[in-house]
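Okay, structure first, notes after.
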Amino acid sequence: MIQNERIRVLNNKPQKNGDYVLYWMQSSQRTNFNHALEYSIIKANSLNKPVLVFFGLNEKFPNGNLRNFSFMLEGLHEVQKSLEERKIKFILLKTSPEVGATQLSNNASIVVTDKGYLRNERSWRNYVAINIDCPLIEIESNTVVPIEEVSKKEEYSAATIRPKINKLLNVYLLPLKQNIPIKSSLSLPYDTLNLDNMEELIKSLKIDTTVPSSPHLFGGTSEAMSNLETFIKKKLDRYDELRNNPSLDYLSNMGPYLHFGQISPIFIALKILEIDSPGKGPYLEELIVRRELSMNYTYYNPKYDSFEGLPEWCKRTLEIHEKDTRDYTYSKKDFEMAKTHDPYWNAAQNEMVYYGKMHGYMRMYWGKKIIEWTKSPKEAYEILLYLNDKYELDGRDANGYTGVAWCFGKHDRPWSERKIFGNIRYMNDKGLKRKFDPDAYAKKINDYVSKI
DNA sequence: ATCGGCTCGCGCAA
DNA sequence: TGCGCGAAGCCGAT
């Protein structure tokens with residue numbers, strides 16, 4: 001079912017007698033467990049109209065490159081085929097999303113879209129809400145609990161948001177029924193890019209091609225689901241024990257799929273709930289509480305991607321220690337080329353550059369060390385964001401911005417004061433050795449990189 | 001190997 | 001107003 005709290009009308013325009021209901025797909029790039037798509041079909045059926053689905057390929061998307069575009073297009077190819085089976089036409093155009101959606105709204109009765117938690121996503125929706133002459137209805141499908149139902153403010157920590165989310169799970173963590181359109185839109189006369197010839201399409205895009213596609217992670221809902229199956233079968237039981245061991249792979253790897261909306265967090269959570277495993281609780285904590293905490297941060301803090309957005313105590317303590325001497329300082333380029341004195345740090349950087357995804361535990365160490373080895377925390381902040389957004393398949397995401405902020409103390413607690421970090425949590429390579437074998441990790445990455 | 005202290009701010013209990 | 005406690009730790013004492 002689609003709870004009322006997932007539905008929001010973004011403008012005050014009258015419904016038209018158009019040719020179709022337009023679903024402007026953006027953050028939920030899937031046909032499975034997609035409340036916005038199901039809402040569009042239900043609405044279209046009640047109006048006796050077909051549904052048209054539109055996606056705008058924006059070549060100027062910040063940090064859009066070969067890696068994230070090919071991952072996304074693999075997913076959209078699957079979306080197109082799956083919609084076609086449901087007699088729904090999928091229109092993919094090389095246009096900025098808000099411009100394309102506005103144009104296609106001319107012949108629409110209403111426009112439906114999904115919800116985003118970042119600045120650009122929200123400004124596109126505002127643009128469309130103002131510039132079209134029919135209703136724009138936003139459906140929240142990428143969180144288990146609708147963000148404003150959880151809390152109306154920026155939360156302080158996981159501890160403060162956890163009870164607010166958990167008490168609402170019985171209301172929102174529910175299956176979603178698939179609907180069948182009464183009217184087909186397949187014969188509507190609209191052009192679309194051809195996704196069957198992916199290579200040619202990718203070649204035609206004016207994007208940064210210096211970051212190659214990941215050799216390990218391929219986009220699309222079916223890839224997401226098969227990775228999830230593997231995770232449940234082979235890793236979930238020992239997840240709690242081994243997830244923080246980067247020399248092994250005990251992670252779900254759902255991040256990139258969730259980022260593009262190729263899989264639904266509700267779908268994942270319902271699957272996990274069926275399993276009796278010691279990893280169940282810890283995994284659901286990460287999937288729901290920590291993920292939705294990160295969306296709470298970007299949604300309520302307009303400075304989510306800058307040093308300025310940090311809590312006062314974090315900025316204060318880091319600024320007090322800004323002049324402390326650094327044993328090492330590196331430039332953005334040094335970091336990007338993985339040229340530091342620390343083999344573990346370099347391995348983490350290379351993992352990100354060559355795999356497209358750094359192990360979660362190393363992300364903390366990696367970020368903390370950039371703070372330690374940069375002239376100022378503000379410069380460090382800029383470098384973390386730059387590298388994360390450029391190389392991570394799940395970059396440019398609420399989780400990424402919150403992960404960076406965490407390295408600077410966000411959602412964390414203060415610790416004993418020390419050089420450079422002040423009261424911010426410090427990490428060192430002794431900690432890595434205490435928990436796992438970082439040499440095995442570095443060897444794994446180095447062996448891989450030397451084969452390229 | 002294990003343990004307490006470090007330090008700030010939230011939110012509940014009183 | 002007081003008090004307990006927190007997303008991934010470090011460090012020194014035992």
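Just so we're on the same page: letters track the sequence lines, and every chain starts at 1. Not measured: the values here are computed from a predicted model.
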Length of the line joining A:Asn423:CG and B:dC8:C1', which is rounded to integer Å: 8 Å
Would you please say whether a donor-acceptor pair under 3.5 Å links the side chains of A:Asp342 and A:Thr340? no
Nucleotide C:dA7, atom P - distance to CZ of A:Arg290 in whole Å: 8 Å
Give the rounded distance in Å between these two atoms: CD1 of A:Ile161 and P of B:dC12. 14 Å
Base, sugar-phosphate alone, or nothing: which one does A:Arg243 contact when heavy atoms must sit under 4.0 Å apart? nothing
In whole angstroms, how far is the C1' atom of C:dG6 from the CZ atom of A:Arg425? 10 Å
Hey, is the side chain of A:Arg316 poking within less than 4.0 Å of OP1 or OP2 on B:dT7, counting only N and O atoms? no
Describe, in one word, how the ring planes of A:Phe55 and A:Phe90 are oriented to each other, choosing from parallel (under 30°), tilted (30 to 60°) and perpendicular (over 60°). tilted
What's the closest nucleotide to the side chain of A:Arg434 if the choices are B:dG11, C:dC10, B:dC6? C:dC10
Strand partner of C:dA7, provided both Watson-Crick or wobble distances fall under 3.5 Å: none
With heavy atoms under 4.0 Å as the rule, sort A:Asn244 into base, sugar-phosphate or nothing. base
When both hydrogen-bonding distances must be under 3.5 Å and the geometry is Watson-Crick or G-U wobble, what is C:dA13 paired with, if anything? B:dT2
Is there a donor-acceptor contact under 3.5 Å from the side chain of A:Asn350 to the main chain of A:Asn446? no
Measure the acute angle between the ring planes of A:Phe307 and A:Tyr381, then classify it against the limits of 30° and 60° as parallel, tilted or perpendicular. perpendicular
Mind checking whether A:Phe335 and A:Trp345 have parallel, tilted or perpendicular rings, split at 30° and 60°? tilted
Once you apply a heavy-atom cut-off of 4.0 Å, does A:Arg363 come out as touching a base, just sugar-phosphate, or nothing? nothing
Please state how far atom CH2 in A:Trp406 lies from atom P in C:dA7, giving the value in whole angstrom units. 11 Å
Considering only the P atoms, how many Å lie between B:dG9 and C:dC10, rounded to the nearest integer? 23 Å
Tell me: CG of A:Asp429 to P of C:dC10, nearest whole Å? 10 Å
Would you say a side-chain N or O of A:Arg418 is under 4.0 Å from OP1 or OP2 of C:dG9? no
Using modelled atom types only, decide if a donor and an acceptor are shared between the side chain of A:Arg238 and the backbone of A:Pro278 within a distance under 3.5 Å. no
Reckon A:Met364 touches a base, only the sugar-phosphate, or nothing at all at heavy-atom distances under 4.0 Å? base
Would you mind telling me which of C:dA8, C:dG9, B:dG11 lies closest to the side-chain atoms of A:Glu155? B:dG11
Quantified in whole Å, what is the P atom distance between nucleotide B:dG4 and nucleotide C:dC5? 13 Å
Which of parallel (below 30°), tilted (30 to 60°) and perpendicular (above 60°) describes A:Phe71 and A:Phe260? tilted
Could you identify the nucleotide paired to B:dT7, looking across every strand shown and requiring Watson-Crick or G-U wobble geometry with both distances under 3.5 Å? none
Which residue, A:Tyr361 or A:Pro414, contacts DNA chain C at a nucleotide closer to its 5' end, judged by nearest heavy atom? A:Pro414
What nucleotide among C:dC11, C:dA8, B:dC8 has an atom nearest to a side-chain atom of A:Glu286? C:dA8
Need one value for A:Arg162: base, sugar-phosphate or nothing, where a base atom within 4.0 Å counts as base even if backbone is also close, heavy atoms only. sugar-phosphate
Determine: side-chain N/O of A:Lys368 to OP1/OP2 of C:dG9, distance under 4.0 Å, yes or no. no
Given B:dG9, C:dG9, B:dG11, identify the nucleotide with an atom nearest to the side chain of A:Trp313. B:dG9
Please pick, from C:dA7, C:dC10, C:dG6, the nucleotide with the shortest atom-to-atom distance to any side-chain atom of A:Tyr426. C:dC10
In this structure, how many angstroms lie between the P atom of B:dT7 and the CD1 atom of A:Ile320, rounded? 13 Å
Could you state the CD-P distance from A:Glu285 to C:dG6, rounded to the nearest angstrom? 12 Å
Categorize A:Lys410 for me: base, sugar-phosphate, or nothing, with a 4.0 angstrom heavy-atom threshold over every strand shown. nothing
